[in-house]
Protein chains: 2
Amino acid sequence: MTLTYRESQQGLLRERLLDAAQAITEASGWSTVTMAKIASTIGVSRQTVHNELGTRHDVALALAMRELGRFLDVVRVRMADADDLVDGIRNACAGVLELGRDSILIRTIVGSVGSGNDADLLTILTTESGEIVETAGVVVKQSVLDHFGDVPLTDAELDVAVESIVRLVLSHITRPSKDPAQAAGDIAWIIELALTGKRATS
Amino acid sequence: MTLTYRESQQGLLRERLLDAAQAITEASGWSTVTMAKIASTIGVSRQTVHNELGTRHDVALALAMRELGRFLDVVRVRMADADDLVDGIRNACAGVLELGRDSILIRTIVGSVGSGNDADLLTILTTESGEIVETAGVVVKQSVLDHFGDVPLTDAELDVAVESIVRLVLSHITRPSKDPAQAAGDIAWIIELALTGKRATS
DNA sequence: AGCGGATGTCAAGTTGCTTGACAACTACTC
DNA sequence: GAGTAGTTGTCAAGCAACTTGACATCCGCT
């Protein structure tokens with residue numbers, strides 16, 4: 001059996017619904033996204049949107065989580081391609097920040113100033129982003145362990161380092177102050193210092 | 001509304017079923033294709049195969065028609081790219097014959113000599129191919145009219161010319177005797193002679 | 001306060017795939 | 001040549017997913 005019909009159909013509805021929600025968001029902001037619009041965009045009933053995605057808040061979260069997945073793909077690739085841990089972190093951060101800069105969805109969310117309450121999607125990305133930080137942290141940590149097993153940190157210390165990286169990147173996305181490359185360099189610099197400091201004292 | 005869910009799901013089942021049938025055919029010949037195998041390959045019930053595609057004979061026809069569609073895509077492109085009618089015909093024929101030479105499905109069907117009765121799919125492609133010749137004829141004729149409206153033939157004569165081209169190509173696919181380019185040249189030569197003859201006598 | 005629009009939820013209806021069964025046919029085996 | 005296994009084509013009942021219509025609730029606006 002190569003690939004079942006259900007598998008190739010699995011999540012198709014969800015993807016199409018999120019596509020619709022994302023399109024509306026990119027076009028006119030999250031505040032203009034209604035369950036009915038999402039439904040009619042792809043020609044299903046409003047009820048189906050609720051069945052598949054839950055509440056409107058769940059839609060926002062799902063949208064964020066899906067976009068997050070694309071960012072984490074970049075992380076995995078860049079970490080796998082790097083020879084050195086710090087290089088991997090720098091490259092991964094740079095890739096993620098570039099994606100954040102170029103993503104229409106991200107720019108629409110982050111650029112939502114004032115008008116309407118588009119900002120609640122942004123809120124999810126920042127304050128209420130527990131699941132995001134957690135998921136991203138898991139992936140980043142796994143990437144580190146997969147490719148650079150000899151990190152001079154305890155597991156708990158690694159958790160802190162990873163979480164810090166994720167939070168720094170998230171911050172640079174939501175409030176950019178410099179080039180992706182520069183920001184990535186900054187983050188890598190901090191982490192490298194932490195690692196050398198740790199090495200010196202251990 | 002960009003694209004409804006139903007539209008993006010429409011024909012997915014059919015495509016997956018035909019993919020399965022084609023894979024089995026390419027792997028071990030049409031005679032080994034059963035409705036149950038098609039169903040289990042993509043994880044649906046046998047009844048669903050019948051509902052979607054009809055009888056086993058219908059599956060063969062659908063397989064042939066789908067492959068035909070790919071060939072006709074080549075025709076449309078090559079005819080559109082040509083400056084001269086005869087060049088268009090030659091290029092289109094060459095493209096189709098190359099595709100016929102390279103298509104695993106076609107080679108499996110045509111190469112079905114003896115063992116089992118794989119040949120009944122081949123039969124469909126040749127003797128029982130009324131629908132194929134007809135469909136191909138419509139597309140080729142339309143391509144000719146779209147790009148070379150000034151053909152010195154009546155509508156009925158054009159029909160004959162087009163059908164002849166289709167039949168010649170089909171013959172060269174099922175029983176190749178020379179290069180695609182050479183065969184295409186032969187067909188174009190015949191048609192060109194017919195056209196000049198017609199011009200001289202009109 | 002009242003109104004329109006949106007949300008979240010429910011129950012009934014429809015559609016499409018599944019399941020189990022059946023008769024008819026073919027190929028193989030003893 | 002009869003028996004057996006495998007396949008086909010078809011049917012009806014069952015089930016899961018989407019649709020439809022309805023309702024209470026909440027929020028922003030006049």
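So you know, we letter chains A, B, ... as the sequences are listed, proteins then strands, and number each from 1.
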List in chain and number order the residues that pass salt bridge (Lys or Arg N to Asp or Glu O under 4.0 Å) with B/E52, two or more places apart in sequence or in another chain; answer none if no residue qualifies.
none

Please list, chain by chain and in numerical order, all residues satisfying salt bridge (Lys or Arg N to Asp or Glu O under 4.0 Å) with B/K178, sequence neighbours excluded.
B/D186

Pairing residues for B/R66 by the salt bridge (Lys or Arg N to Asp or Glu O under 4.0 Å) criterion, not counting sequence neighbours
B/E15, B/D19

Separation of B/M79 CE from B/Q142 CD (nearest 0.5 Å)
10.5 Å

Spacing between A/R56 atom CZ and D/dC26 atom P, to the nearest angstrom
18 Å

Determine which pairs satisfy salt bridge (Lys or Arg N to Asp or Glu O under 4.0 Å) with at least one residue from residues 139-148 of chain A, sequence neighbours left out, and list them in order.
A/K141-A/D155, A/K141-A/D159

Using heavy-atom distances to pick each residue's nearest nucleotide on DNA chain D, tell me which of B/K37 and B/H50 is more 5'.
B/K37

Rounded off to whole Å, could you give me the CG-to-C1' distance for the B/L17 and C/dG16 pair?
13 Å

Atom CG of B/L53 to atom P of D/dT10: distance rounded to whole Å?
13 Å

Applying salt bridge (Lys or Arg N to Asp or Glu O under 4.0 Å), which residue pairs with at least one partner in residues 2-12 of chain B are found, sequence neighbours left out?
none

Specify the separation, in whole Å, of atom CD1 of B/I38 and atom C1' of D/dT8.
12 Å

Dump the pairs, protein N or O against N or O of nucleotides 14-19 of chain D, anything under 3.5 Å, distances to one decimal.
unit_1 : atom_1 : unit_2 : atom_2 : d
D/dT19 : OP2    : A/S45  : N      : 2.8
D/dT19 : OP2    : A/S45  : OG     : 2.9
D/dT19 : OP2    : A/T48  : OG1    : 2.4

